[in-house]
2 protein chains.
Amino acid sequence: MKKKYYCSLHFTMDLIGNKWKPLVLFHLLNGPLRSGVLQKTIPGISNKMFTQTVRELERDNLVSRKVYPVVPPKVEYQLTETGKSLEAILKELDNWGKNLMS
Amino acid sequence: MKKKYYCSLHFTMDLIGNKWKPLVLFHLLNGPLRSGVLQKTIPGISNKMFTQTVRELERDNLVSRKVYPVVPPKVEYQLTETGKSLEAILKELDNWGKNLMS
DNA sequence: ATACTATATTACTTTTTGGTAAGTTATTGC
DNA sequence: GCAATAACTTACCAAAAAGTAATATAGTAT
């Protein structure tokens, strides 16, 4: 570990504490998605931010990236086991928002 | 609501989807804290970011702010009912990080 | 040979975030 | 009357994040 964390929540926030990562992970809960499909499930995310977000999630071993050697390219993203371990939390966050919005 | 959300998780992330807010909320789980004490529980947060974070949490009704009319000033922050409803999630996020770090 | 496809990457600019340091307040204690 | 106190607030600047638009790739279909 490069950085020192004063508590484990701090570590968690460094991994998924931004706006887009939980959304990307959430949309992968039902199984792998092609890059383009995943991106379209998240209106408002720019091309650049999408790529950057999945790159970081891949680096942190929360999603895996599978490239099919075809043309035009086909790339699929799916949750790793670590990513899947966030399932309950992601659904609770979604539900919490649902209750609060209504 | 000003913004349109395409899913409730998006709404959640707009409320608490940054690095500091979950940390502030987490440290208030055990009860109200004075401003200075709360700030010191979060090493690395600057004065400005701290103030800004609690202001936004207050605006969004996740924490309440109680000012005691004394000199020097005394200000306490505590979770609102809405803030408390995040307790389980915050603890799970902390635990998730704990497992992953070790 | 040109256009089309999906998935990026890059350069450039704008916007947002964050840090530092100084100032504010109003009373008490010296 | 001056310093000390807690909790800000502000101005200024630097750094980081994010948006836009152009470009790359390499087969296949026209």
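Below, all heavy atoms of this structure are taken into account, side chains as well, without hydrogens, waters or symmetry copies. Chain letters run A, B, ... following the sequence lines, proteins first, then strands; residues in each count from 1.
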Can you tell me how far OH of A:Tyr5 sits from CE of B:Met101, rounded to the nearest 0.5 angstrom?
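Here the interatomic distance stands at 7.0 Å.
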
Roughly how far apart are B:Leu93 CG and A:His10 NE2, rounded to 0.5 Å?
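NE2 of A:His10 is found 13.5 Å from CG of B:Leu93.
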
Test ring pair (Phe, Tyr, Trp, His ring centres under 6.0 Å) on A:His27 and A:Phe50 and set out the steps.
CA-CA 13 Å; A:His27 289 296; A:Phe50 175 74; over 10 Å; no

Any donor-acceptor pair under 3.5 Å from [X] side chain to [Y] backbone:
X       : Y       : value
B:Thr53 : B:Lys21 : no
B:Thr80 : B:Leu62 : yes
B:Ser8  : A:Gly97 : no

Salt bridge B:Lys84-B:Glu87, side-chain N to carboxylate O under 4.0 Å
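Salt bridge absent between B:Lys84 and B:Glu87.
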
Boundaries of the chain B footprint along DNA chain C (any atom under 4.0 Å from a heavy atom):
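Boundary nucleotides touching chain B, in 5' to 3' order, are C:dG18 to C:dT27.
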
Does B:Trp20 form a side chain to side chain contact (heavy atoms under 4.5 Å, CB included) with B:Asn18? I'd like the steps, not just the answer.
CA-CA 6 Å; B:Trp20 299 116; B:Asn18 76 24; 4.2 Å; yes

Generate the contact string for nucleotides 4-13 of chain D. Rules: B means base contact, S means sugar-phosphate contact only, - means no protein heavy atom under 4.0 Å.
-BBSBB----

Between B:Met49 (CE) and D:dA16 (P), how many Å, whole number?
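Value for this atom pair: 14 Å.
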
